[in-house]
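The next block holds one structure in the form of structure tokens; read it before the comments.
Per chain, numbering begins at 1; letters A, B, ... match sequence-line order.
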2 protein chains.
Amino acid sequence: MDSKTKSRYEAKAKIIKAMSHPTRLFIVDELSRSERCVCELTEMVGDDMSTVSKHLSVLKNAGIVWDEKRGTQVFYSLRVPCVLRFFSCVESVLKTNAKEQASLVR
Amino acid sequence: MDSKTKSRYEAKAKIIKAMSHPTRLFIVDELSRSERCVCELTEMVGDDMSTVSKHLSVLKNAGIVWDEKRGTQVFYSLRVPCVLRFFSCVESVLKTNAKEQASLVR
DNA sequence: TTTCTATTTTGCCAAATAGCCAAGGACGGT
DNA sequence: ACCGTCCTTGGCTATTTGGCAAAATAGAAA
């Protein structure tokens with residue numbers, strides 16, 4: 001594998017990696033409904049605000065979300081809605097796995 | 001967030017996480033074309049066979065690939081083709097990011 | 001200006017991950 | 001049976017990640 005191809009896969013992996021944490025997945029899901037400030041997300045997630053802020057910076061760094069400061073708050077919103085398509089596939093993987101589980105028990 | 005919802009996000013994150021490594025991304029891409037034995041993938045990836053084998057077990061564990069032993073070789077193939085949809089979205093994120101980069105330079 | 005509130009950054013620690021090597025198991029060929 | 005090949009597992013180390021708490025920053029309001 002040449003280095004150009006390799007760095008391309010690395011760039012792609014970085015974006016997927018940004019989606020690979022339960023809290024960040026929740027945040028993306030939530031932002032698909034409407035924009036949210038850090039304090040709202042912190043409230044919903046239930047972790048320390050600094051932790052949530054870090055998760056948001058990972059998502060921002062990957063280019064998945066946007067942030068806009070308004071007054072004293074920072075609002076985040078989804079920049080690339082296509083990531084929502086991940087969900088339906090992931091659901092179907094889970095369903096397929098569950099089916100397999102069931103057939104093993106039988 | 002109740003614990004049921006939480007564990008659901010954890011399960012989803014696990015699947016995405018399995019896709020979040022450049023080598024594993026490459027493998028999935030490759031398996032979308034045809035099944036491959038570990039030795040072929042090892043050859044293509046260029047890492048130690050044990051490393052590739054471990055990556056494959058992560059993918060298998062997430063339910064993304066299948067394995068079948070035939071003779072002395074183990075062939076892996078894609079179990080859930082919908083993961084390929086990740087690629088097009090990731091490409092578009094990269095493109096969007098590149099555009100933004102360009103407009104900042106301007 | 002000072003104070004308050006929302007957010008980010010930093011430091012630190014524990015846990016998870018990725019890689020290589022060595023060892024071991026399974027199978028086919030001789 | 002023995003050997004060689006293919007693959008997986010365990011052990012080790014280096015690196016990354018996730019979380020909290022404390023300190024720093026930015027803007028609003030007083």
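- Annotation: cation-pi pair A:Lys6/A:Tyr9 absent, no NZ/CZ under 6.0 Å from the ring centroid and within 45° of its normal.
- One can place NE2 of B:His21 at 14 Å from C1' of D:dT17, the figure rounded to the nearest angstrom.
- Cation-pi geometry between A:Arg36 and A:Tyr76 is not met: the NZ or CZ atom fails to fall both under 6.0 Å from the ring centre and inside 45° of the normal.
- If you take OG on A:Ser88 and CD on A:Glu91, they are separated by 8.0 Å, rounding to the nearest 0.5 Å.
- We find that CZ of A:Phe26 is positioned 18 Å from C1' of D:dG18, with the value rounded to whole Å.
- For A:Leu59 and D:dG18, the CG to C1' distance is 14 Å, given to the nearest whole Å.
- Computed from coordinates, the A:Leu41 CG to C:dT8 C1' distance equals 15 Å when rounded to whole Å.
- At C:dG19, one or more side-chain N or O atoms of B:His55 fall inside 4.0 Å of OP1 or OP2 (strictly under the cut-off).
- Atom pair A:Asp47:CG and C:dT7:P shows a separation of 16 Å (rounding to whole Å applied).
- Contacts of B:Lys17 with the nucleic acid, taken as non-hydrogen atoms under 4.0 Å apart, involve only primed sugar atoms and P, OP1 or OP2.
- Residue contacts for A:Arg24: at a heavy-atom cut-off of 4.0 Å it reaches the sugar-phosphate backbone alone, with no base atom in range.
- Taking atom CZ of A:Arg70 as the reference point, atom C1' of D:dA26 lies 17 Å away to the nearest angstrom.
- To the nearest 0.5 angstrom, B:Arg24 atom CZ is 10.0 Å from B:Leu56 atom CG.
- Put simply, the side chain of A:Thr51 never gets that close to the backbone of A:Asp47: no donor and acceptor are under 3.5 Å apart.
- A single hydrophobic cluster is seen to contain both A:Ile64 and A:Val74, as judged by linkage of ILVMFWY side chains at heavy-atom distances under 4.5 Å, directly or through other members.
- Atom CZ of B:Phe87 sits about 5.0 Å away from atom CE of B:Met19, to the nearest 0.5 Å.
- In this structure, A:Glu10 atom CD and C:dA18 atom C1' are separated by 13 Å, rounded to whole Å.
- Between A:Asn61 atom CG and D:dT16 atom P there is a gap of 15 Å when expressed in whole angstrom units.
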Restricting both atoms to N or O, compile the protein contacts to nucleotides 5-11 of chain D shorter than 3.5 Å, with distance only.
residue, atom, partner, partner atom, Å
D:dC6, O4', B:Thr72, OG1, 3.1
D:dC7, OP1, B:Val38, N, 3.3
D:dC7, OP1, B:Val74, N, 3.0
D:dC7, OP1, B:Val74, O, 3.4
D:dC7, OP2, B:Cys39, N, 2.5
D:dT8, OP1, B:Tyr76, OH, 2.9
D:dT8, OP2, B:Ser53, OG, 2.7
D:dT8, O5', B:Ser53, OG, 3.4
D:dG10, O6, B:Lys54, NZ, 3.1
D:dG11, O6, B:Lys54, NZ, 2.8

